[in-house]
There are 2 protein chains.
Amino acid sequence: MKDVLSGVEEKLRAREFKFTTRRELILKALLENNDKHLSAEELYNLVKQKAPDMGLATVYRALELFQELDIINAIDFGDGRKRYEFGVEVGKNHHHYHFICTKCGCINEVDDDLTEDLESRIGKKHKFTITDHQLKIFGICNKCLASY
Amino acid sequence: MKDVLSGVEEKLRAREFKFTTRRELILKALLENNDKHLSAEELYNLVKQKAPDMGLATVYRALELFQELDIINAIDFGDGRKRYEFGVEVGKNHHHYHFICTKCGCINEVDDDLTEDLESRIGKKHKFTITDHQLKIFGICNKCLASY
DNA sequence: TTGGATGCAAAGCCTTTGCATACCT
DNA sequence: AGGTATGCAAAGGCTTTGCATCCAA
């Protein structure tokens, strides 16, 4: 976690952005909830507990900046808002996918090397220059299945 | 194309929805641009040429209905609006993915059986009940590569 | 000190909704 | 005839932006 923080700090400074208290708070909240795929507003509510005068716009601006620096990615799970997760460079397993229950809407992140060579095979076959991929699996989660 | 139209008509009638002229026009425009991943507004502009008094709300309502009947799927390519493509039941190759150029934003749909057994392997491994999947590949398209 | 960062409120953009009217069955 | 479908305009929800103020370097 410390590594990530100082890594981001470096990245910011390298492009003459400032490593402010607000940005650090936002980053920490993201780190502590890495698995939850927070939306901007959820993140805002979390950070507001530690900095009650935080503005929602600041959260949006920080998220935009972090995306630009390839620190986080935005994903749309179909609920009309963007959700965020850390990118490959920040220790996120590149080979994971999201299992989305179409019944209750829950999102499970799964690490699985089944997708490991998919990207390279696709790259070779089609001569694409691939930088990343994103896989969503839709279905019914075990909890919902059990409640039938 | 005729098959799809009458198939949808059946689906609508089965649930006591009406197969109206407007819905048919919208469906046809979707079919004729199957590969373009139209947004609601793009679709609206197309259909408006044939029915100038068409309202944007009608397009949205038709798209919502078609989704509910599993005729089309909504996808977010990161440009802040939903885009639509036909679902598996309407002749769409289940094993395709989208290649999205992070430089120019172009979207290429690729049919490729490399993903064919991925779903079933994941299903077996994790005991999920899978109904569908969605794969996005990000990178630089050939056109952008060439212009460096 | 100085330009970027932030809070607040307003504006933007895509999408949904209410209501009166028009249309399909 | 009766209820669904539609057009129009207003409202909603998420996100971005303008501006004055504040803060990191």
Side-chain angles (χ1 to χ4, degrees), chain A residues 5-6 8-27 29 37-45 47-69 71-84 105, chain B residues 5-6 8-27 29 37-45 47-69 71-84 105:
Chain A
L5 283 177
S6 53
V8 171
E9 184 172 355
E10 230 171 272
K11 251 188 175 172
L12 285 171
R13 289 192 203 289
R15 291 187 43 186
E16 302 193 319
F17 293 112
K18 290 173 181 169
F19 189 66
T20 61
T21 314
R22 308 266 124 139
R23 287 178 179 164
E24 189 176 350
L25 276 176
I26 293 170
L27 201 57
H37 300 96
L38 298 173
S39 67
E41 189 147 13
E42 288 165 355
L43 188 54
Y44 169 64
N45 288 326
V47 181
K48 214 170 165 57
Q49 294 171 11
K50 297 193 177 171
D53 61 331
M54 164 83 66
L56 180 54
T58 301
V59 174
Y60 275 106
R61 282 188 276 235
L63 288 170
E64 195 194 353
L65 181 61
F66 293 161
Q67 283 182 85
E68 209 175 302
L69 297 178
I71 295 162
I72 59 174
N73 297 320
I75 314 178
D76 177 294
F77 291 109
D79 60 351
R81 72 207 65 187
K82 289 177 184 169
R83 295 178 172 279
Y84 301 87
Chain B
L5 283 177
S6 53
V8 170
E9 184 171 354
E10 230 171 89
K11 252 188 175 173
L12 285 171
R13 290 193 201 288
R15 290 189 41 188
E16 303 194 317
F17 293 111
K18 290 173 181 168
F19 190 66
T20 62
T21 314
R22 306 268 125 137
R23 287 178 180 162
E24 190 176 350
L25 275 176
I26 293 170
L27 200 57
H37 300 97
L38 298 172
S39 68
E41 189 147 11
E42 288 166 355
L43 189 52
Y44 168 66
N45 289 326
V47 181
K48 215 171 165 54
Q49 294 171 10
K50 296 192 178 172
D53 61 332
M54 164 82 67
L56 180 55
T58 301
V59 174
Y60 275 106
R61 282 188 276 235
L63 287 170
E64 194 194 354
L65 181 61
F66 293 161
Q67 283 183 85
E68 209 177 302
L69 298 178
I71 295 163
I72 60 174
N73 297 318
I75 314 179
D76 177 293
F77 291 108
D79 61 350
R81 72 207 63 188
K82 289 178 184 169
R83 295 179 172 278
Y84 301 87

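Here is how names work: the chains are called A, B, and so on, in the same order as the sequence lines, proteins then strands, and each is numbered from 1.
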| field | Length of the line joining B:Leu25:CG and C:dC23:P, which is rounded to integer Å | value | 14 Å
| Taking CD from A:Glu16 and P from C:dA5, how many angstroms apart are they, rounded to a whole number? | 10 Å
| request: Flag the pair A:Thr58 / A:Val47 as yes when at least one side-chain heavy-atom distance between them is below 4.5 Å, and no otherwise. | output: no
| field | Upstream residue (5' side of DNA chain C) when B:Ala40 and B:Phe19 are each assigned their closest nucleotide | value | B:Ala40
| Gap separating the CZ atom of A:Arg15 from the CG atom of A:Leu69, nearest 0.5 angstrom | 5.0 Å
| said: A side-chain contact here means heavy atoms from C-beta on lying under 4.5 Å apart; do B:Phe17 and B:Lys11 qualify? | reply: no
| task | To the nearest 0.5 Å, tell me how far B:Gln49 CD sits from B:Leu25 CG. | result | 11.5 Å
| task | Using whole Å, report how far CZ of B:Phe17 lies from C1' of C:dT25. | result | 15 Å
| said: Tell me the interatomic distance from B:Tyr44, atom OH, to D:dT6, atom C1', rounded to whole angstroms. | reply: 12 Å
| Nearest-angstrom distance from the residue atom CZ of A:Arg15 to P of C:dG4 | 14 Å
| Would you say B:Thr20 and B:Leu12 make side-chain contact, with heavy atoms under 4.5 Å? | no
| field | Separation of atom CD in A:Glu42 from atom C1' in D:dG13, rounded to whole Å | value | 14 Å
| field | Proximity to DNA chain D (any heavy atom under 4.0 Å), residues of residues 74-83 of chain A only | value | A:Gly80, A:Arg81, A:Lys82
| CZ/A:Arg81 to CD1/A:Ile75 distance, rounded to the nearest 0.5 angstrom? | 15.0 Å
| How long is the gap from CZ on B:Arg83 to CD on B:Glu42, to the nearest 0.5 Å? | 4.5 Å
| Starting at CG of B:Leu12 and ending at P of D:dT6, how long is that distance when rounded to a whole Å? | 10 Å
| message | Using 0.5 Å steps for rounding, measure from the CG atom of A:Asp76 to the NZ atom of B:Lys82. | response | 7.5 Å
Polar-atom pairs under 3.5 Å, protein N or O versus N or O of nucleotides 17-23 of chain D: list them with distances, or write none.
unit_1 : atom_1 : unit_2  : atom_2 : d
D:dG18 : O6     : A:Arg61 : NH1    : 3.3

| said: Of the listed nucleotides (C:dT6, D:dG7, C:dA5), which one gets closest to any side-chain atom of A:Thr58? | reply: C:dT6
| field | Interatomic distance, A:Leu56 CG vs C:dA11 C1' [rounded to whole Å] | value | 15 Å
| To the nearest 0.5 Å, how far apart are CD in B:Glu41 and CG in B:Asn45? | 6.0 Å
